[in-house]
Amino acid sequence: MQHRVAGIDVGGDKKKCNLVILQGDQVLLSVGKQTPADLRRHCLEYEVMAVGVDAPCQWRLGDAGRVAEAMLAKQRISSFSTPTRAQALASLSGFYGWMFNGEAVYQALADDFALLETPAWNGQRICFETFPHAIVCAFLGREVACARRKSTQRKQLLQTLGIATATLKSVDARDAALCAVTARYLLQGQARAYGDALGGHIHVPKLDQHIVMAS
DNA sequence: AGGTACTCGTTGGCGCCTGG
DNA sequence: CCAGGCGCCAACGAGTACCT
């Protein structure tokens with residue numbers, strides 16, 4: 001029997017969080033507008049082993065950016081750079097609201113799903129940071145991954161992976177599903193960790209070769 | 001009416017090109 | 001030979017357009 005895994009797409013205060021729970025290719029649960037406490041409750045109810053979260057697990061600490069983001073950037077996988085907590089608080093645009101919600105998610109999960117601080121799974125119930133665009137790059141290759149077409153491309157990728165997308169209505173649900181898929185790969189030892197202990201790791205599936213989808 | 005799809009604004013780091 | 005300017009592009013959210 002396969003471990004149950006979860007993926008969380010973190011939104012702002014209005015959209016809140018999307019949660020998808022998978023067992024193998026089966027979607028056991030797909031819900032939106034969840035608070036951090038809701039997420040914890042569902043993951044406990046379904047006896048989830050690993051939770052992939054689409055939000056930074058740590059703020060930047062000093063002047064230099066997080067190592068994980070720098071490593072992704074070196075591979076030309078773009079991401080929004082995480083500021084220090086003080087910088088995020090000082091921003092007036094509200095742009096970083098979702099990162100603060102992510103912080104609350106990790107706090108809500110922490111007691112039952114400890115943040116994975118090593119590159120590989122340690123056998124415990126865990127949560128970890130992941131990132132949909134990097135996941136798509138891992139499956140399809142960086143040249144193919146394109147955020148402009150993400151709504152159709154990510155849906156098609158999930159279908160190619162054998163996951164029924166009928167219950168994954170929104171882009172956010174599909175992103176959460178990709179995070180859950182990454183959790184499954186991580187438990188199977190088929191994941192790559194970007195980053196270091198200080199700035200935190202970003203986990204992404206590791207494949208021998210890219211998937212080619214019909215266009 | 002509701003859903004889907006697309007654009008724009010926000011932020012910061014890297015690649016690339018050019019000029020001194 | 002290196003500094004600096006420009007373009008690109010992740011995430012979300014708000015707004016708009018179009019379709020059923």
Side-chain angles (χ1 to χ4, degrees), chain A residues 7-20 30-36 39 52-106 128-159 165-182 192 194-196 198-205 215:
Chain A
I8 294 170
D9 179 84
V10 176
D13 287 333
K14 186 173 179 181
K15 207 165 63 175
K16 298 202 168 80
C17 298
N18 268 77
L19 171 69
V20 168
S30 173
V31 285
K33 293 191 174 178
Q34 302 291 294
T35 65
L39 299 170
V53 182
D54 169 21
C57 64
Q58 282 192 32
W59 301 99
R60 169 196 300 225
L61 295 175
D63 287 339
R66 299 173 65 208
V67 169
E69 290 163 11
M71 287 171 76
L72 286 168
K74 287 259 165 58
Q75 304 211 348
R76 312 200 30 196
I77 298 172
S78 305
S79 63
F80 272 93
S81 84
T82 307
T84 64
R85 196 171 194 282
Q87 285 171 331
L89 281 171
S91 172
L92 300 175
S93 68
F95 178 68
Y96 294 114
W98 65 282
M99 289 194 190
F100 283 102
N101 286 346
E103 180 183 47
V105 168
Y106 285 104
F128 64 93
E129 175 180 354
T130 185
F131 169 32
H133 178 59
I135 298 169
V136 176
C137 290
F139 279 113
L140 304 182
R142 188 195 64 80
E143 299 76 13
V144 179
C146 173
R148 201 161 35 83
R149 289 192 293 269
K150 68 178 169 185
S151 67
T152 51
Q153 189 171 50
R154 294 180 185 183
K155 180 177 175 182
Q156 197 182 1
L157 173 56
L158 284 166
Q159 284 169 342
T165 52
T167 55
L168 308 173
K169 298 177 294 293
S170 64
V171 175
D172 307 300
R174 300 195 273 256
D175 282 353
L178 286 174
C179 294
V181 167
T182 302
R192 153 130 208 236
Y194 293 88
D196 61 5
L198 195 64
H201 292 100
I202 296 175
H203 299 267
V204 170
S215 58

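By convention in this document, chain letters (A, B, ...) are assigned in the order of the sequence lines, proteins followed by strands, and residues within each chain are numbered from 1.
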A:Tyr194: partners by ring-ring contact (aromatic ring centres under 6.0 Å, His included), with sequence neighbours left out: none
Indicate yes or no: at least one non-hydrogen side-chain atom of [X] is less than 4.5 angstrom from one of [Y].
X: A:Pro132; Y: A:Arg174; value: no
X: A:Trp98; Y: A:Cys17; value: no
X: A:Cys179; Y: A:Ile8; value: no
X: A:Leu198; Y: A:Leu61; value: yes
X: A:Lys16; Y: A:Thr35; value: yes

How close or far is atom [atom2] of [N] from atom [atom1] of [X], stated in whole angstroms?
X: A:Phe80; N: C:dC9; atom1: CZ; atom2: P; result: 12 Å
X: A:Tyr96; N: B:dG12; atom1: OH; atom2: P; result: 4 Å
X: A:Glu129; N: C:dA11; atom1: CD; atom2: P; result: 12 Å
X: A:Phe95; N: C:dA10; atom1: CZ; atom2: P; result: 13 Å
X: A:His133; N: C:dC9; atom1: NE2; atom2: C1'; result: 8 Å
X: A:Arg85; N: B:dT11; atom1: CZ; atom2: C1'; result: 19 Å
X: A:Asp13; N: C:dA11; atom1: CG; atom2: P; result: 19 Å
X: A:Asp63; N: B:dG12; atom1: CG; atom2: P; result: 12 Å

Compare side-chain N and O positions of A:Lys15 against OP1 and OP2 of C:dC12 and report whether any pair is under 4.0 Å apart. no
Is A:Ser93 near enough to B:dT11 that one of its side-chain N or O atoms lies under 4.0 angstrom from OP1 or OP2? yes
Assert: residue with more 5' nearest nucleotide on DNA chain C, out of A:Asn101 and A:Ser81, is A:Ser81
In residues 64-78 of chain A, which ones come under 4.0 Å of DNA chain C, going by heavy atoms? A:Ser78
Between the opening five pairs and the closing five pairs of the helix from B:dA1-C:dT20 to B:dG20-C:dC1, how far apart are the helix axes, to 10°? 30°
Identify whether the distance between the nearest side-chain nitrogen and carboxylate oxygen of A:Arg60 and A:Glu69 falls below 4.0 Å. no
A:Arg60 side chain, from C-beta outward: closest of C:dA10, C:dC12, B:dG13: B:dG13
Shortest side-chain distance from A:Phe131, nucleotide among B:dG12, C:dA10, C:dA14: C:dA10
Any base atoms under 4.0 Å from A:Asp54, or only sugar-phosphate, or nothing? Heavy atoms, all strands. sugar-phosphate
Look at all strands and tell whether A:Ser79 reaches a base, only sugar-phosphate, or nothing, counting heavy atoms closer than 4.0 Å. base
From the list A:Lys155, A:Arg154, A:Lys15, salt bridge (charged side-chain N to carboxylate O under 4.0 Å, His left out) partner of A:Asp175 resolves to A:Arg154
Could you tell me how the ring of A:Phe100 sits relative to the ring of A:Trp59: parallel (under 30°), tilted (30 to 60°) or perpendicular (over 60°)? tilted
Which of A:Leu158, A:Leu178, A:Asn18 passes side chain to side chain contact (heavy atoms under 4.5 Å, CB included) with A:Leu168? It is A:Leu158
